[in-house]
2 protein chains.
Amino acid sequence: MAHRQAQQRRPSIHDVASRAGVSAATVSKVMQGVTTVRPENAQRVYDAVEFLGYRVDPLASDMRRAKRRIIGAIMPEFESEFFGSMITELEGLAEQRGYTLVAASSRESEAREKEILARMHDWRVAGVVLAPVRNEHGPAAGFMKLNGMTGVLIDRVLADDAFDTVSADSAAASAEVARELLSKGHRHILVVGLGHQAATVRARLDGFRTKALQLVPDIRIDVVLSESDVEPLRSLLRDYFAKGERPTAVYSLFLKGTLVVLSEFRRRGWHCPDDISLVGFDDAEWMQVTWPAIAAVVQPVREIASNAVDVLFRRIEGEGGPPKARLEPCKVLMRESVGSPGGGPHSGGGNRQ
Amino acid sequence: MAHRQAQQRRPSIHDVASRAGVSAATVSKVMQGVTTVRPENAQRVYDAVEFLGYRVDPLASDMRRAKRRIIGAIMPEFESEFFGSMITELEGLAEQRGYTLVAASSRESEAREKEILARMHDWRVAGVVLAPVRNEHGPAAGFMKLNGMTGVLIDRVLADDAFDTVSADSAAASAEVARELLSKGHRHILVVGLGHQAATVRARLDGFRTKALQLVPDIRIDVVLSESDVEPLRSLLRDYFAKGERPTAVYSLFLKGTLVVLSEFRRRGWHCPDDISLVGFDDAEWMQVTWPAIAAVVQPVREIASNAVDVLFRRIEGEGGPPKARLEPCKVLMRESVGSPGGGPHSGGGNRQ
DNA sequence: TTGAAAGCGCTAACAG
DNA sequence: CTGTTAGCGCTTTCAA
């Protein structure tokens, strides 16, 4: 029970000390669970703490310590389920270790990414979980390196010579998508992506292409990549289909791409899977309630988050050694949006989920 | 240009002071833009700052100031577009004012909400933007009140006697949905909601019902409310339809409800709008690319965020007066999921995008 | 086992 | 206009 009324100033360690009749140093020790305090005194401290409703000021406390118990997280956006859950996970994990997470969105801008990082450096964060906008070679990673910050890179990265990385095994997942689509009989497939995310998009594309060519050497794979932004993709795609191209399946390498593809299908009046099949990288809750349900590659958010945090704290605690690159396996959920080419209505058998 | 190499210790204000040949106090003044410093000295400080790559430590600085330039944000979740954009907006707004945003997810738990708040209080945040799990009367708001914290309540709130509130005008939006559905000829409508969000769900329900009854006194409105969680809603809904109920339209009062409704439609093989119409509170990107596109009420995220921050800073700066309750107008986007009852295939005319 | 003293990095009050 | 002094709230030697 807090006995103080809505107070002006919160009680400080000295208030506790004087009420308990000990020194601030002793209170500090008790609060940190040091065992060399006489039980009698400890009890007096506990009583005073309870009476005053005292709580340690974590910032003041960090001020004196070596490292601050804060970790930073920088994501390209907060609006998607993927990064939203990522932040939720990271926050929980940080909290478990007695750290506070400060999260910021780079809003897909490398410039902003670097500014945020500089601000986090000002905050003397103990470490940073950075999901770079583009890849591991951006200015933000450079800044971290230059300033000797400790951090881990996630998501749109493959491997780095300065930082540990944790990401989804895009290549393997894409290979599996290739296997699934080819096994359904698709022989002309369009792959849609965003070029500037280099690292991962490349891995996804290569993983898909390599496996596909290995299984069916004369498979036809078209690629529509938008270099910079999502919007151009819309017209590139429109042009592609306007030329009369008629692949039997589309594999979108990222979530917004899947939305763009769907909206292009709408425009042309095509339905999945009767007119064309679709698989997207990145799952979302709505994909299983729409009709048809959209097949998707599910990234293991929890695994990525927990590995990232593990690795990060290992570095924070001073563990050395060369940076490691972790890849976490994805799940591929084939849903109704995938059928057999030419299957037509009510014949696209073999759908799971 | 920073001339230091990857340093062990960041330069402090004293390093700058001694290099510039002035006192720390003078450096502090220069950094804060105080104009009463002799230009010559100011220049020496700037030079030293640049040479050393010095940046003020915001935490140390706050330590001495009255208030810390940190504001906290607590959202029920980060996974949805709504709260994701909310955080993005809040972060940007806080940053504009030189504040850092510390965000946390209560994960739909009032217990956790209160814990987070206590931690933020420990941090001596200048203010809090709280989107309560349930409503303005939860334990978290009580905690804030009790501890004299300054804050603003958003989203699932209507009005409070201790804090300013900012939320979407759910009632007005729901009235508009009623008007739209009735004008299309619907006379039997199911409303689906989650009871425990009391404040807003009640407003949405009442807004809808009042307007509907006013327009068509003998309209039939069924209500399926799940008290606690989303999952029970699924079976309640199943039972409802199993009884043979056959409304011509469904209005879901919250996003997850819309997903549940859609998935129930799937299960029964019903298509919108031919078999039944659907409108959901809360918009999402995917809703305009699915087939049919889902009609939705769009909450004005930016307006809510910017008003919340305005109001909050006004309080932080000591402005008095009774708490105000703001309601921001929503947009209702009627899309293909809404047609006329009995319209059947290709006759659900009058759809707008 | 304890507490006095010395700060962490910064700012504010007040002499000079 | 500038520097000295005195802290913010806490932790950490280190001597007692």
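In what follows, chains are A, B, ... by sequence order, proteins preceding strands, each numbered from 1. Below, all heavy atoms of this structure are taken into account, side chains as well, without hydrogens, waters or symmetry copies. As the structure is a prediction and not an experimental result, all values here were calculated from the model.
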Would you kindly compare Arg64(B) and Thr26(A) by the position of their nearest DNA chain C nucleotide and give the one closer to the 5′ end?
Thr26(A)
Salt bridge check, Arg134(B) against Glu110(B): does any charged N sit closer than 4.0 Å to a carboxylate O?
yes
Gap between atoms CZ and C1', on Arg68(B) and dC10(C) respectively (whole Å)
12 Å
Strictly below 4.0 Å: does Ser28(B) bring a side-chain N or O up to OP1 or OP2 of dT11(C)?
yes
Any Thr36(B) side-chain nitrogen or oxygen under 4.0 Å from OP1 or OP2 of dC1(D):
no
If we only count heavy atoms from C-beta on, is the Phe143(A) to Asn147(A) side-chain gap below 4.5 Å?
yes
So do Leu93(A) and Tyr99(A) actually touch side chain to side chain, heavy atoms under 4.5 Å?
no
I want to verify a distance call: between dT2(C), dC8(C), dT11(C), whose nearest atom is closest to the Met63(A) side chain?
dC8(C)
Selection from dA12(C), dT1(C), dC10(C) that lies nearest to any side-chain heavy atom of Arg65(B):
dA12(C)
Per Ala25(A) side chain, nearest of listed nucleotides dT2(C), dG9(D), dT12(D)
dT12(D)
Using only heavy-atom distances, determine whether the side chains of Glu328(B) and Ser167(B) contain a donor-acceptor pair under 3.5 Å.
no
From CG of Asp62(B) over to C1' of dC8(C), roughly how many Å is that when rounded to an integer?
15 Å
Please tell me if Ser23(B) has a side-chain N or O lying less than 4.0 Å from either OP1 or OP2 of dG3(D).
yes
Counting side-chain heavy atoms from CB outward, which of dC10(D), dC10(C), dT12(D) is closest to His14(A)?
dC10(D)
Of Ala60(B) and Thr35(B), the one whose nearest nucleotide on DNA chain D sits closer to the 5' end is Thr35(B)
Under 4.5 Å between any side-chain heavy atoms of Arg10(B) and Arg55(B), yes or no?
yes
Between Gln32(A) and dC10(D), does any side-chain N or O lie under 4.0 Å from OP1 or OP2?
no
In whole angstroms, how far is the C1' atom of dG9(C) from the CZ atom of Arg9(B)?
10 Å
Could you state the NZ-P distance from Lys29(A) to dG3(C), rounded to the nearest angstrom?
8 Å
Derivation and outcome, salt bridge (Lys or Arg N to Asp or Glu O under 4.0 Å), residues Arg9(B) and Asp15(B)
CA-CA 11 Å; Arg9(B) 213 201 76 217; Asp15(B) 300 322; 2.6 Å; yes
Rounded to whole angstrom units, what separation is found between the CG atom of Asp15(B) and the C1' atom of dC8(C)?
13 Å
Can you measure Leu52(B) atom CG to dG9(C) atom P for me and round it to whole angstrom units?
14 Å
Regarding the side chain of Val22(A), the nearest nucleotide among dG3(D), dG3(C), dC10(C) is dG3(C)
Once you round it to whole Å, what is the distance between C1' of dC8(C) and CZ of Arg124(A)?
10 Å
Given dG9(C), dT11(D), dG3(C), identify the nucleotide with an atom nearest to the side chain of Ala24(A).
dT11(D)
In whole Å, what is the span from the CG atom of Asp57(A) to the C1' atom of dT11(D)?
13 Å
For Val27(B), answer base if it contacts any base atom (sugar-phosphate contacts may also be present), sugar-phosphate if it contacts only those atoms, and nothing otherwise; contact means non-hydrogen atoms under 4.0 Å.
nothing
